[in-house]
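Some notes on the structure that comes next.
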Amino acid sequence: MLPAGLACAGASAGPADPALPRFVEESATSGLTTAYQGDWQYMVGGGAAVFDCDGDDRLDLYIAGGEAPAGLYRNISSPGGALRFARLPGMAETAVTGAYPLDIDSDGLTDLAVLRVGENLLFRGLGDCRFEKANADWGFDGGDAWSTAFAATWEPGQDWPTLAIGSYINRREEAFPWGSCTDNWLHRPKGHGFAPPLPLAPSHCALSMLFTDWSGNGTRDLRVSNDREYYKGGQEQLWHMETVPRLWTEAEGWKRLRIWGMGIAARDLNADGFNEYFLTSMADNKLQVLTPPEGQLLPQYADQAFKRGATAHRPFTGDDLRPSTAWHAQFEDVNNDGLADLFVVKGNVHAMPDFAAKDPNNLLLQRTDGTFLEAADLSGALGFATSRGGAVADFNKDGLLDLLAVNRWEPPQLWRNLSTGLGGYLTVALTQAGANRDAIGAWIEVQTEAGLQRREITTGGGHASGVLSPWHFGIGAATAAKVRVIWPDGQVSDWVQAAPGAAITLNR
């Protein structure tokens, strides 16, 4: 069943198309040169971490290089100007598949969780884009697996985060990898660091993970999206985050779903208190909407991707009609109309003949009725490279969100948002004293005359890529807005008034 107010496909009248943003590609002049390289062990992964590592209020980048060295880049863009980055020395680790920024030790400096083929690494932030390895100091066992997914949360009463790390197949089984999925790991805190990892078995070749409050009751469970190409008898997973984690079962409402799961994007698209989840896959992407039985809050979902036009299952342009391969996905409002849009990064795994070779990324603009319009070609954001990770972020501080795609064998692509005449926006940053300084697990609400927007603050999802920045909200034609936060423990702040263009920091 469609959400209230959502028109059915084929209805006689529909909403006007959304305002079209305008992008220009600035890849060649951006200074970003790190290509994600490697064959067998690097057919998946290839992400980027987006965060401010030097405190200058501009978003910097750490980009996975696979067999080649990873790259750390300082953002040197001028406000409103061209997108420019300068590569910094250090952090040139090899075998990196992805990275996620978060303040692990809650000292006010962003750290990095770096996924690798081999030992995963935690880097303590030292300020001014300097880092040091912290595995030994923090008691973190980086293992020796093929790591491809990550998520983090702060469990109740804990000063340090719980980290979930997803693993892919046994890389030593190249001749016959099917059925060789290795264990995912849960790293829970112990003192000022981490206890020995706890296996999350059964594991089914994870490519994306997300701690999320799917039920709206303040409890964060762990969603895991798995690649059915290699598991035998597995499925998508949702873990109860209890003292001993356990899977949600069909008896508890969880419906069996088997896809080539690669990425997770989450957003409460209609402000009903529950996230929708976009799951990327090979061909069969899903837009999951919570549809529990009457009177019961169970994790049952209906797929509305086709009904709502949120489809990335085939190339929408060009003459290659074979199914698509989608990876990173992210909901953000690229045209500042107050509705979250969807950026989907795509690319063939490796010359797979049954899937499209020229597979354009998607930029899906949301209409007022909850359906989506494909606009990658119309907006100038069309790209055909073999992509993996990515990000949507405002790199030049002009209130317009830019697009990044991390590519296999080629340097990243970067599209600058040059739109004019779009709606207003505001940004919201969260801070709190003590543990979990960035308030991971909170919900931000923005209210205007046009309605309510809600977003859950998470670390994880996407594909091997994470963003930690002031959170962007388009507000359309509104001349005023009010903002509040539901903190991770459920405490609700007062509403704060905000004008268009405001950069708000809510301190607990």
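Just so we're clear, the structure is a prediction, and the values are computed from it rather than from any experiment.
The closest side-chain donor-acceptor pair between Arg267 and Gln366, if any, does not fall under 3.5 angstrom. Checked by atom type, the side-chain pair Trp248/Asp221 shows a donor-acceptor distance below 3.5 Å. A donor and an acceptor atom, one from each side chain of Arg188 and Gln158, are nowhere located under 3.5 Å apart. There is a side-chain donor-acceptor pair under 3.5 Å between Ser27 and Glu25. Donor-acceptor pairing under 3.5 Å is lacking for the side chains of Gln288 and Asp303. Using modelled atom types, one finds no donor on one side chain facing an acceptor on the other under 3.5 Å when comparing Tyr36 with Ser387. Checked by atom type, the side-chain pair Asn507/Thr431 shows a donor-acceptor distance below 3.5 Å. Under the 3.5 Å distance criterion, with hydrogens and angles disregarded, a donor-acceptor pair is assigned to the side chains of Gln413 and Asn407. For the 3.5 Å distance criterion, the side chains of Asn226 and Glu236 fail to qualify, holding no donor opposite an acceptor.
Checking side-chain atoms of Asp60 against main-chain N and O of Val50 turns up no donor-acceptor pair under 3.5 Å. When atom types are taken as modelled, the side chain of Asp111 and the backbone of Asp103 share no donor-acceptor pair closer than 3.5 angstrom. Asp268 places a side-chain N or O within donor-acceptor distance of the main-chain N or O of Asp272, the cut-off being under 3.5 Å.
In this structure, the ring of Trp160 has its center less than 6.0 angstrom from the ring center of Trp138.
Within the model, atoms OG1 of Thr280 and CD1 of Ile259 stand 7.0 Å from one another, a figure rounded to the nearest 0.5 Å.
Residues Asn285 and Phe278 approach most closely at CB-CZ, 3.7 Å, considering heavy atoms.
For the ring-ring contact (aromatic ring centres under 6.0 Å, His included) criterion with Phe395, the lone passing option out of Phe51, Phe85, Trp415 is Phe85.
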